[in-house]
Amino acid sequence: MTSTVGYAESSWAQGAPPVPDVTPGELAALHSRLVERAGGEGLLDVAYRTLDSPLGALLVAATPVGVVRVAFAVQDHEQVLADLAARVSPRVLHAPGVLDVVAHELEEYFAGTRRTFDVALDLRLAQGFRREVVQHLTAVPYGRTASYAAMATEVGRPRAVRAVGTACALNPLPLLLPCHRVVRSDGTPGRYAGGERAKHTLLALERAGRAH
Amino acid sequence: MKEPFEQVVQQHGARVLRVCRAVVGPVDAEDAWSETFLSALSAYPQLPADANVEAWLVTIAHRKAVDVVRRAARQAVPVERLPERVAQQRADGRDLDLWAALAALPTKQRQVLAYHHLGGLPYAQVAALLGGTPEAARRAAADGVATLRRTYDPDPDRSPDTDPEGVLP
């Protein structure tokens, strides 16, 4: 392919000033423009951002369908993004604006002023029985807990207690689908993707929230 | 397995912008960059996992630069007198002088320099992109560099070996 790009035709010929080297601000502006155009043309398959929380940095990712992933820092955000690229689409871009609503709702939740979430979810990362389990999580009200055994009964498979535990541990949307409210039968918090300490913190937050 | 496209933008965004600027100048470069990455985003899922992402992007950038300049030419308004050449008196910015010197090169030489020295494309691929033989591309680059050595006067206190972009090999 031959080219017609020429000095005489390019913007340099129009008396434009000399070209400075690339600055981070220029790249940031171009990046924003790319995100906007990608969204407009249906090419933004996975948008993500991070936000600070009392549990450390959270990564939130969404597809055009809805929020598809929430991940704690201990889960390694780089790894989570690589996983999204492999399992959803490699068209992944940092697009904070797309996730403003869910970020705001999470901030309200951590401030104790929100009990339920009102954003569309994309459950494609939880299939089969695991999906059934995580869809049932919102049945456990804010500030309450249910045992793994009770959840197993709830989804109609009372003997699948371990499978319920696995489904909760692999919940792609922790916080939004409150797997932290499912605890051991003896009342101790049990395992959590964000760490047992994080689970403890969330249960305490919700107990305090209910007291208001 | 393919890395998230965000990584591609982070790793290659600055380099592609330099290539675009060297080829089409500062104003059209932003459009060329945007078109390049939008097109790359669209095709990314089909890119073979072992592809050279940098070379792929430079190839797209070349095509988009051609499109952008064609579009600009269609919209151009004739002017009475030729615009002055890019000012070269800016002693405070080594890069500014370099871009100005690049701007003054013949198109083919500038493209070869941009794609090979700024974009990292081997001469064989530059030739495939621009037509001609790899040897002709190499000669065009050598001629361009020879001209740059005459027209581009970096800080005389500094050795050309400190050239940050490797434009002057």
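The sequence lines fix the lettering, A, B, ..., with proteins before strands; numbering per chain opens at 1.
- Residues A:Leu30 and B:Glu30 meet the side-chain proximity criterion, which asks for heavy atoms closer than 4.5 Å.
- No side-chain N or O of B:Gln10 forms a donor-acceptor pair with one of A:His94 less than 3.5 Å apart.
- Taking every heavy atom of both residues into account, A:Val92 and B:Pro4 meet most closely at CB-CB, 3.7 Å.
- For A:Arg191, the CZ atom counts as loosely surrounded, since its 6.0 Å shell holds 12 or fewer non-hydrogen atoms of other residues, nucleotides or ligands.
- Only the backbone of B:Glu3 comes within contact range of chain A, judged by heavy atoms closer than 4.5 Å.
- With rounding to the nearest 0.5 Å, the separation of NE2 in A:His31 from OG in B:Ser34 is 11.5 Å.
- Contact of the B:Asp31 side chain with the A:Arg33 side chain is registered, since non-hydrogen atoms from C-beta on lie closer than 4.5 Å.
- Heavy atoms closer than 4.5 Å to chain B are found in the side chain of A:Glu78, but not in its backbone.
- The CD atom of A:Glu26 sits 6.5 Å away from atom CG of B:Leu17, with the distance rounded to the nearest 0.5 Å.
- In this structure the side chain of A:Leu93 reaches within 4.5 angstrom of the side chain of B:Leu41, judged on heavy atoms.
- When each of A:Ala82, A:Pro90, A:Ala29, A:Ala95 is scored by its heavy-atom pairs under 4.5 Å with chain B, the top score falls to A:Pro90.
- Between B:Phe5 atom CZ and A:Leu44 atom CG the span is 11.5 Å, to the nearest 0.5 Å.
- Residue A:Val22 comes nearest to B:Ala14 through the heavy atom pair CG2-O, 3.7 Å, listed as atom of the first residue, atom of the second, then distance.
- The backbone N or O of B:Tyr44 lies less than 3.5 Å from no partner atom in the side chain of A:Arg91, so there is not a single donor-acceptor pair.
- Counting heavy-atom pairs closer than 4.5 Å to chain A, the top-ranked of the candidates B:Gly132, B:Pro106, B:Ser42 is B:Ser42.
- Within the 4.5 Å cutoff, the side chain of B:Glu6 has heavy atoms near those of the A:Tyr48 side chain.
- Atom CZ of A:Arg144 sits in a sparse spot, with 12 or fewer heavy atoms from other residues, nucleotides or ligands closer than 6.0 Å.
- Heavy-atom distances place both the backbone and the side chain of A:Arg37 under 4.5 Å from chain B.
- Taking all atoms of both residues into account, the shortest heavy-atom contact from B:Lys2 to A:Ala85 is O-CB, 3.6 Å.
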